[in-house]
> 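I have a structure I would like to understand better, so I am pasting it below and will then ask my questions one at a time.
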Amino acid sequence: MSHPEYAPDPDPSLNVQFVDSLVPQITAGRYTLTAQQSLTRGKDRVDEDGYLDTPVTQQVEVRAPRFTVEPEWIHGAYPTPGATGLYDDVLPHLTLNRPTLPWEREEAKDGNGTRLPWLAVLVFGEGELPETDPHCLGQTDATTVGDLCGTEKGVVLPAFDQTEDPITDEDKKQVCRTILVPGAVFHSVAPTEGELPLLTHVRRVNEQHQGLTLTDDLIQVGDYAVVVGNRLPRAAGGRYVAHLVSLEGWQSHLPDGKKETYEGPDEKLRLISLWSWSFETIPDHAPGFAALTEHFVDMEGDKGAALLLRVPPAARPLSAPDQQEVANRLHAGYLPISCRTESGRATYGWYRGPLIPEPAAPLTPRERRRCAAEALIHLEQYGVFDVSLATAFTAGRGVALADRQFCAALLRLRGKVQQAAQKKARPGPVSAATRIEHLVTNGLADHLGELLTAPAHGEAAAAVAVRPPGVTPAPAATELPPTAGLTVRRLRADTELHARLIADGEPLVPSDDEDLALVRDRLIGLRNLTGVPFAHLVPDTRMLPAESVRFFHVDSDWTATLLEGALSVGLAHTFDLTSDELMFGPDGQAPLPAPAAPVTGLLLRSQLVTGWPALEIRPYADAKAADGEKALRVMRREALAEDVLFVLVEGVPGRVEIAEPQQGVHFGIDEPDDGRSADPLDDGIIRLRALTGEDIGKEIPGKVFPATPGLRSCLRVPGSGNPDTVLSVTRLADGLKGALGLDRPLTPSEFAIQMINAAQRRTFTTEPAQHTLITTGDHPNG
């Protein structure tokens, strides 16, 4: 909570903070800037020329959104657009990435001088927009601003402010979306002026669990404006459409909070719809976060065994002695697949991808593989192949060949390494005296004598033929120490030279080299399995069925072979392999920052990925860690498909939480402790929360509103009516104030804290002794 004019500094101990408003210091309109100078000498003013006291003015116009909003300003909506589910206890709302948007235009102020929002979310049911969208499909009318400034027969148009914020000719050409609303319907669903502030607030959200966590920052904060509707969908079901509308020019038509029935003329109002979405609520269906994640728990198996990434065991266990190897392989995450040998013979083999259900064996030093055949494992006892690493090699090579920039940078980098190695191995310049001494030592005098006594050029062959027996030619001078060129044989055989080139303080290629940076980044991404086909990660759909979560360890041997495949591109001769060893080490991973711990992760295939784009994944090392404890680092987080989320974690988590994003916590009615009935309005409650101290936002044990379950007394039109589920927000806020024992009205942020249906989370914990996963449901309200 905060003063309406500013947002507080983020509190790292809180996941979400509620702020009344985020009002810019200057709103849309025309302003006059006045500048005036004065000059004094001592206490006396000096104005000899008569110019200093003359003010200078400048007209300034501040523009703000008025007729449309940018799509990127919309963070999300709930219920999600196009959703079908049970939403009869939820107030539809829209979350905006532009947190100042609801207060950027100054339309009106309340009695305390606080600026009122110029936006509202209006929710309409089927048949309530008969001329624009009778079936709630999200349809609108395209209208130019010029037409809205004119007249329309039988329709009331918005009364735009043309004095402080005039509409230009360019504005009049702009096309905006509009809806035609009957006056009685507008009066029934529109908030009063006093309700507008309570239906709009700002949330400051800790976003560190909604993406990658590659830094040591304690908190990553995002500000979001939230505009909430005042209507609950009917428990009987039906289609609805929600519109974010501009209230500019409609202050005189808003209900005043006293009359709940419309007695005005039979008129129609044309409203600007800045954004809209439709959804459907049906009875006895609950596809929300709790229901979706409950399905994960139902499928967990014995001690969470079914939550590991592998093919589920057969209905009939494989217990015969000759079947035990098959059972062990399936349990370890292998899958039998058909394959062909290099000779073309069809057979079958075992395949296991990089995501395995058990901790990976430590990576041991070995000779680097240069082709996929070297990574093929023959299981002689059974006469079949293990093609896992061979597939990894081929996948790495394929990903590398598809990246032209990587291939070109790798070839250039090898050339730089070879040139640097030759330069370091080459000795310094040899002086003339040293050369003479070298020649003398190696028989220069005898060699010269032989040359002087040798026959002429034409007689050379005969002289050789008649050389007396036992006479040997003068020994040839031995080769000088190499002064240029570095042979592959010498580099590979001379281990001391090889070690000196690697251990030298000066690297062969500077660390800021562009080619090295590109190759290193691509290899890091590949080690994180970026670009690897999904079929290599999950080779069978049974391993990741619909609406499931699967946990895994990453096989470091598989990823090391993957990098070997990538580095096999362009290997023309042995020196290429040697230069790679100098640059990347024997395993091809030397320049890459090694993970500080074994890599694990999870795959989520669910509607959660689509419905909650900012779904929070919180991995903790300790199963009993407090919420404030620092989470493990998320190395990669990516939606591989519309409903598939892939997450890599550095370390083995003891606890993983999957939670709704804090900026999307819902407004609505809570269920009673003994379960729900056919209509939440009959037995729904609001669990009261503390507004001060360290317990702010936490439920107050045993305190609910109202004392007798049921909120029909807080509806704008009690009992039957059309529409019949619009809340009287003022009446509800007064009831909450009394239940909390306050002697002042609730602020917008305090009202938001009371009305939230807190973000839910599902917690999975690990039993280290058994290396299995178990899960418990957890739906905190704080």
> List the atom of Leu116, the atom of Glu193, and the distance in Å for their closest heavy-atom pair.
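Shortest heavy-atom contact: CD2-O, 3.9 Å.
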> Looking at Glu131 and Leu180, what are the two nearest heavy atoms and their distance?
OE1-CD2, 3.4 Å
> Considering only NZ, NE, NH1 and NH2 on the basic side and carboxylate oxygens on the acidic side, decide whether Glu170 and Arg63 come within less than 4.0 Å.
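No, Glu170 and Arg63 are not salt-bridged.
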> Of the options Leu711, Leu232, Asp89, Asp670, which is the one that meets Pro680 in a side chain to side chain contact (heavy atoms under 4.5 Å, CB included)?
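Going through Leu711, Leu232, Asp89, Asp670 one by one, the side chain to side chain contact (heavy atoms under 4.5 Å, CB included) with Pro680 is satisfied by Asp89 alone.
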> Is the number of heavy atoms from other residues, nucleotides or ligands within 6.0 Å of NZ (Lys737) greater than 12?
yes
> Would you mind checking if Asp141 and Arg270 are paired as a salt bridge, meaning a charged N to carboxylate O distance below 4.0 Å?
yes
> Do the numbers put Arg98 on top of the ring of Trp73, so that NZ or CZ is under 6.0 Å from the six-membered ring centre and no more than 45° off the axis?
yes
> Look at Asp171 together with Arg66 and state whether they make a salt bridge at an N to O cut-off of under 4.0 Å.
no
> Taking atom CD of Glu642 as the centre, report whether more than 12 heavy atoms of other residues, nucleotides or ligands fall under 6.0 Å from it.
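No, not enclosed.
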> Dump the intermediate steps for ring pair (Phe, Tyr, Trp, His ring centres under 6.0 Å) on Phe667 and Tyr78, then the final yes or no.
CA-CA 10 Å; Phe667 266 49; Tyr78 192 83; over 10 Å; no
> Dump the intermediate steps for side chain to side chain contact (heavy atoms under 4.5 Å, CB included) on Leu122 and Leu271, then the final yes or no.
CA-CA 11 Å; Leu122 305 185; Leu271 305 178; 4.0 Å; yes
> Among all residues two or more places apart in sequence or in another chain, which pass the ring-ring contact (aromatic ring centres under 6.0 Å, His included) test with Trp250?
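Once residues adjacent in sequence are excluded, the partners of Trp250 under the ring-ring contact (aromatic ring centres under 6.0 Å, His included) criterion are His253.
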> Tell me, please, which residues at least two apart from Glu126 pass side-chain hydrogen bond (donor to acceptor under 3.5 Å, both in side chains).
none
> Considering non-hydrogen atoms only, spot the tightest contact between Val123 and Glu128 and give its length.
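Heavy atoms of Val123 and Glu128 come nearest at O-OE1, 4.4 Å.
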> Under the side-chain hydrogen bond (donor to acceptor under 3.5 Å, both in side chains) test, which residues partner Thr80, sequence neighbours left out?
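Thr80 satisfies side-chain hydrogen bond (donor to acceptor under 3.5 Å, both in side chains) with no other residue.
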> Is the shortest side-chain heavy-atom distance between Glu248 and Asp161 below 4.5 Å?
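Side-chain contact under 4.5 Å: yes.
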> What I want to check is whether the side chains of Thr143 and Thr178 have a donor and an acceptor closer together than 3.5 Å.
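Distance-only check passes for Thr143 and Thr178.
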> Does a salt bridge link Arg712 with Asp679, judged by any charged N lying under 4.0 Å from a carboxylate O?
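A salt bridge links Arg712 with Asp679.
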> What are the two closest non-hydrogen atoms of Ala77 and Leu94, and how far apart are they?
CB-CD1, 3.6 Å
> Listed by chain and number, what are the side-chain hydrogen bond (donor to acceptor under 3.5 Å, both in side chains) partners of Asp147, not counting sequence neighbours?
Thr144
> Name all residues meeting the ring-ring contact (aromatic ring centres under 6.0 Å, His included) criterion together with Phe160; count only those two or more places apart in sequence or in a different chain, and write none if there are none.
Phe67
> Specify the closest pair of heavy atoms between Ala733 and Leu198, including all atoms of both residues, with the distance to one decimal.
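Here Ala733 and Leu198 meet closest at CB-CD1, 3.9 Å.
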> Looking at residues at least two apart in the chain, or sitting in another chain, which of them share a side-chain hydrogen bond (donor to acceptor under 3.5 Å, both in side chains) with Thr610?
none
> For Thr95 and His75, run side chain to side chain donor-acceptor pair (under 3.5 Å): C-alpha distance rounded to whole Å, both residues' side-chain angles, the deciding distance at 0.1 Å, then the answer.
CA-CA 5 Å; Thr95 307; His75 176 269; 4.9 Å; no
